[in-house]
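Read through the structure below, which is laid out as structure tokens, and then see the notes.
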Amino acid sequence: MNAVDTEDNVYDALAAADHDGRWAHGAGFDETVVEVTAPAPEGVDVGDLATYCLMLADDALVASHRLSEWATHAPELEEEVALANIALDLLGQARVLLSRAGHLGAAARFRTPTTATQLADEDVLAYFRDDRFFRNVTLAETDLGDFGRTTAWMLVYSSWRLALMTRLRGSADPVLAAVAAKAVPELSYQREYAAGWLLRLGDGTELSHARAQAGLEDVWPFVEELFLTHPVEARLVAAGVAVDPAALRADVDSDLAQVLPAATLTRPERPAVGLVGGRGGRDGVHTEALGRVLAVMQSLARAHPDATW
Amino acid sequence: MSMSDDTTAHVEGDPATDLGTGTPQATWPLYEVFVRGKRGLNHVHVGSLHAPDDRMALHNARNLYTRRNEGVSIWVVRADAITASSPEEKDPFFAPSGDKVYRHPTFYSIPDDVPHL
Amino acid sequence: MSVSDETTRLATASTPDGASDAPAGLERELEDAFEATVAGEGRVEPRDWMPEGYRKTLIRQIAQHAHSEIIGMQPEGNWILRAPSLRRKAILLAKVQDEAGHGLYLYSATETLGVDRAELTEKLIDSKQKYSSIFNYPTLTFADIGVIGWLVDGAAICNQVPLCRSSYGPYARAMVRICKEESFHQRQGFELLMTLMAGTEAQREMVQDAVDRWWWPSLMMFGPADGDSPNTRQSMAWRIKRHTNDELRQRFVDMTVPQAAALGVTLPDPELRWNDERQAHDFGDIDWTEFTAVVKGAGPCNAQRLAHRRAAHEGGQWVRDAASAYAAKQARREAGEQVA
């Protein structure tokens with residue numbers, strides 16, 4: 001019995017602090033999401049702030065969906081747990097940011113006479129917006145392919161988002177600052193996971209090396225878009241609210257310069273995917289992949305617009 | 001310590017040339033996990049997991065056994081590096097007391113002088 | 001390390017340490033000590049002597065339990081991408097992740113008995129070991145997610161709570177952790193169903209349809225009737241099981257009926273009624289033909305579940321190999337060798 005009691009105590013000590021906290025962020029029965037109702041900082045355009053929240057939310061929501069595609073398909077059970085952690089972290093970030101965007105008025109236009117009135121803003125924005133209104137970078141929506149491509153994708157994505165969130169902690173908007181403060185350790189974990197695996201795949205077997213390099217090549221064309229500054233971002237940078245993506249390039253380059261050689265991988269030299277008439281993901285002009293992602297994600301919610309779940 | 005030469009025992013053949021070609025399959029070694037739930041307590045054994053190396057073992061242990069609670073201290077040690085006492089003085093198989101913790105196949109480091117094995 | 005374990009590992013894998021090798025008198029003594037420990041509600045620990053039958057029964061039971069957790073991820077995983085609200089999506093993702101964790105705790109407990117996880121996985125995908133038949137049914141609507149939480153996890157909890165007192169220490173300890181987490185699962189399932197029952201007509205119909213499909217398979221989760229369960233008596237003597245299949249099934253029915261009433265759903269059994277004399281519910285006969293067919297592989301999803309698990313496992317081999325190769329290279333580098 002002693003052994004059982006001891007085990008109990010260890011586990012209790014781990015679980016006691018946050019009863020429902022062992023559930024995913026915001027998934028517990030006592031919701032503890034970041035407070036999203038703070039007013040926009042003085043002098044900041046509310047529409048711009050809402051759009052910026054959508055950009056950061058959609059980057060996370062769509063990436064989380066892609067990572068969730070790994071569930072029950074991961075290369076080892078330990079990776080099931082790790083990949084789900086990362087998908088959950090991103091989903092948690094998305095939920096707060098969508099709620100913030102909703103609070104700032106972004107959801108109203110997507111409510112129709114048939115949508116249930118008690119539908120949460122986050123769900124209106126996630127499920128009843130067409131792809132043309134999604135503001136994520138196209139990297140977030142690309143097919144993750146095999147574990148080699150997923151790992152390469154994750155290193156780029158997490159390195160970039162970590163650099164962004166690290167700076168965003170100082171945002172003049174208290175909600176964005178709070179979201180960023182919570183996201184930084186999550187993204188550090190994600191970057192460590194990606195770097196650790198890319199190292200092992202790159203410097204593992206001939207086959208894994210080839211797949212990691214091929215994955216990196218596949219992902220590369222979507223990297224350039226990460227550093228483009230959208231006019232909404234530019235205005236909010238001036239107001240001390242947003243981070244200028246152009247400033248993140250050095251951080252991402254530095255991470256890649258550290259990981260790729262150690263992983264015996266070569267930095268690709270492939271051209272960036274072209275924009276459509278100068279417009280990309282941040283403008284709601286996406287790759288074909290996003291429409292398919294949303295067709296799956298939104299299907300059930302849209303079949304029952306009058307329902308809540 | 002955990003990176004003694006028997007690491008290669010889990011990778012059959014020369015890993016640089018042999019793997020990924022459908023040849024015999026490598027298994028990640030077993031690690032035992034010890035967790036200190038909070039300050040003031042000892043580390044306590046909570047279970048085991050498989051990982052290719054120490055670093056990944058620690059990473060996986062944090063995911064699996066502590067749900068990434070950052071304040072928690074974790075030890076991981078390769079199971080085959082643990083020496084355990086024998087529960088019974090008259091245990092016939094582990095005559096020289098001191099052996100592996102579990103009946104896991106990889107725990108069986110049987111001394112040369114044990115008969116009929 | 002006294003000896004490299006490579007050869008002994010292979011040798012012991014095929015000839016596990018067993019009682020038969022011990023001298024007869026000593027074996028008697030060890031067996032008496034074992035029986036005394038078990039009868040006195042003591043815990044058997046991995047390095048203790050144990051009868052070969054006890055070890056084999058435990059391996060079969062714990063491995064089957066571990067496999068069930070892992071295969072059980074599939075029917076629920078089917079709805080992660082389509083979950084109709086972000087909160088439900090987060091809960092479902094976390095739940096499926098928990099199941100992977102539970103599978104890992106249980107494989108870890110099985111490994112203390114002298115089998116390797118890789119070997120167990122091979123046995124699963126080669127259909128040499130079983131998993132709970134319930135997971136061979138499809139999840140056709142999102143209400144199935146709620147019903148799995150309510151009925152399937154509810155049945156699992158009935159089965160599992162007594163196992164927290166199983167005579168085998170590592171199994172009992174794994175079950176303590178798992179039961180704590182399972183209670184969250186059941187709670188979320190019930191909460192989802194309550195939400196749907198308070199929702200639209202279509203949602204209520206969805207719930208009733210799911211209950212109709214999952215009720216009988218849930219009752220089958222407790223296994224064959226006591227008269228047809230040859231292993232039960234020995235397992236109970238060894239304190240591996242604590243109650244018979246029929247006892248647990250009855251407990252589950254009695255627990256579930258008032259919950260169904262609270263939800264406002266009908267359990268699809270015209271013979272289900274309270275028996276005042278027995279102070280328990282009577283219920284109709286289970287279709288054992290269906291049960292046997294599903295156990296033997298002819299359920300709606302058996303082939304699909306195994307093919308899926310096999311594809312993930314085999315498809316991940318190159319990744320696992322890469323990590324092993326990298327670890328070996330690093331070890332050689334640390335030892336000062338030149339590595340290409």
Side-chain angles (χ1 to χ4, degrees), chain A residues 1 3-4 7-8 11 15 20 22-27 29 31 61 65 68-69 71-81 84-85 87-88 91-92 94-95 98 119-120 122-123 126-127 146-148 197 199-201 203-205 207-209 211 296-297 299-301 304 306-309, chain C residues 41 43 45 70 73-74 77 79-91 93-94 96-97 100-101 103-104 107 117 142 164-165 169 172-173 176-177 180-181 184 187-188 191-192 195-196 199-200 202-203 308-309 311-313 315-327 329:
Chain A
M1 279 314 283
V4 172
E7 155 74 9
D8 244 351
Y11 191 65
D20 279 354
R22 52 156 303 283
W23 277 93
H25 175 68
F29 293 91
E31 306 269 327
L61 178 63
H65 179 98
S68 301
E69 291 176 345
T72 74
H73 296 279
E76 184 53 291
L77 298 177
E78 280 82 356
E79 310 321 312
E80 288 284 352
V81 177
N85 266 334
L88 279 165
L91 182 56
R95 293 183 62 194
L98 288 175
L119 213 57
E122 61 173 15
D123 290 328
Y127 293 100
D146 67 7
F147 196 67
W197 265 113
L199 205 58
R200 283 164 178 80
L201 297 182
D203 193 21
T205 65
L207 177 64
S208 69
H209 175 88
R211 289 187 176 174
V296 172
M297 186 172 93
S299 59
L300 177 56
H304 300 268
D306 54 339
T308 53
W309 304 84
Chain C
E41 293 289 332
R43 291 284 177 277
E45 292 296 342
I70 300 306
M73 295 166 69
Q74 290 180 37
W79 285 95
I80 290 173
L81 298 177
R82 292 176 291 166
S85 80
L86 297 184
R87 175 167 176 267
R88 294 292 171 202
K89 188 190 286 284
I91 290 173
L93 196 47
V96 171
Q97 181 191 39
L104 285 169
Y107 282 129
R117 187 167 105 201
F142 197 72
C164 297
R165 295 185 295 126
R173 290 190 288 274
V176 169
R177 303 197 62 156
K180 280 177 197 244
E181 299 186 347
F184 283 93
R187 206 169 136 209
Q188 68 78 28
E191 191 243 11
L192 170 57
T195 305
L196 299 190
T200 65
Q203 286 176 304
H308 184 129
R309 182 71 195 110
H313 180 68
Q317 188 64 46
W318 70 274
V319 175
R320 299 191 297 276
D321 286 347
S324 296
Y326 176 80
K329 281 187 202 176

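We use all heavy atoms of the structure for the numbers below, so side chains are in, but hydrogens, waters and symmetry mates are not. Lettering follows sequence order; numbering is per chain, from 1. All figures in this text were calculated on a predicted structure; none of them were measured in a lab.
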Contact class of [X] relative to chain A, heavy atoms under 4.5 angstrom:
| X | result |
| --- | --- |
| C:L104 | side chain |
| C:R82 | both |
| C:L196 | side chain |
| C:R309 | side chain |

For [X] against [Y], the heavy-atom pair lying closest together:
| X | Y | answer |
| --- | --- | --- |
| C:A83 | A:Y127 | O-OH, 2.6 Å |
| C:L93 | A:A87 | CD2-CB, 3.8 Å |
| C:A94 | A:L88 | CA-CD1, 3.9 Å |
| A:P75 | C:R320 | O-NH1, 2.6 Å |

Segment of [X] engaging chain C (4.5 angstrom heavy-atom cut-off):
| X | value |
| --- | --- |
| A:F147 | both |
| A:L61 | side chain |
| A:S68 | both |
| A:A94 | neither |
| A:A126 | side chain |

Nearest-0.5 Å distance, [atom1] of residue [X] to [atom2] of residue [Y]:
| X | Y | atom1 | atom2 | value |
| --- | --- | --- | --- | --- |
| A:E122 | C:R87 | CD | CZ | 9.5 Å |
| A:L98 | C:L86 | CG | CG | 6.5 Å |
| C:M73 | A:L77 | CE | CG | 7.0 Å |

Output all residues satisfying side-chain contact (heavy atoms from CB on, under 4.5 Å) with C:T200, sequence neighbours left out; order by chain, then residue number.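 C:T200 satisfies side-chain contact (heavy atoms from CB on, under 4.5 Å) with A:D306, A:A307, C:A202, C:Q203 only.
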Looking at residues at least two apart in the chain, or sitting in another chain, which of them share a side chain to side chain donor-acceptor pair (under 3.5 Å) with A:E79?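 Only A:Y193, A:W197 meet the side chain to side chain donor-acceptor pair (under 3.5 Å) criterion with A:E79.
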Any side-chain heavy-atom pair from A:T72 and C:I80 closer than 4.5 angstrom? no
Kindly indicate whether the side chain of A:T205, heavy atoms from C-beta on, has any atom under 4.5 Å from the side chain of C:W318.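 No, every pair of side-chain atoms sits at 4.5 Å or beyond.
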Test item: A:H304 side-chain N/O and C:P84 main-chain N/O as donor-acceptor pair under 3.5 Å: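 Pair absent, no side-chain N/O of A:H304 close to backbone of C:P84.
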State plainly whether the residues A:E78 and C:R117 are in salt-bridge range, i.e. N to O under 4.0 Å.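 Looking at C:R117 together with A:E78, the answer is yes, because their closest N to O distance falls below 4.0 Å.
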Highest number of heavy-atom pairs under 4.5 Å with chain C among A:H73, A:E69, A:E80 belongs to A:H73
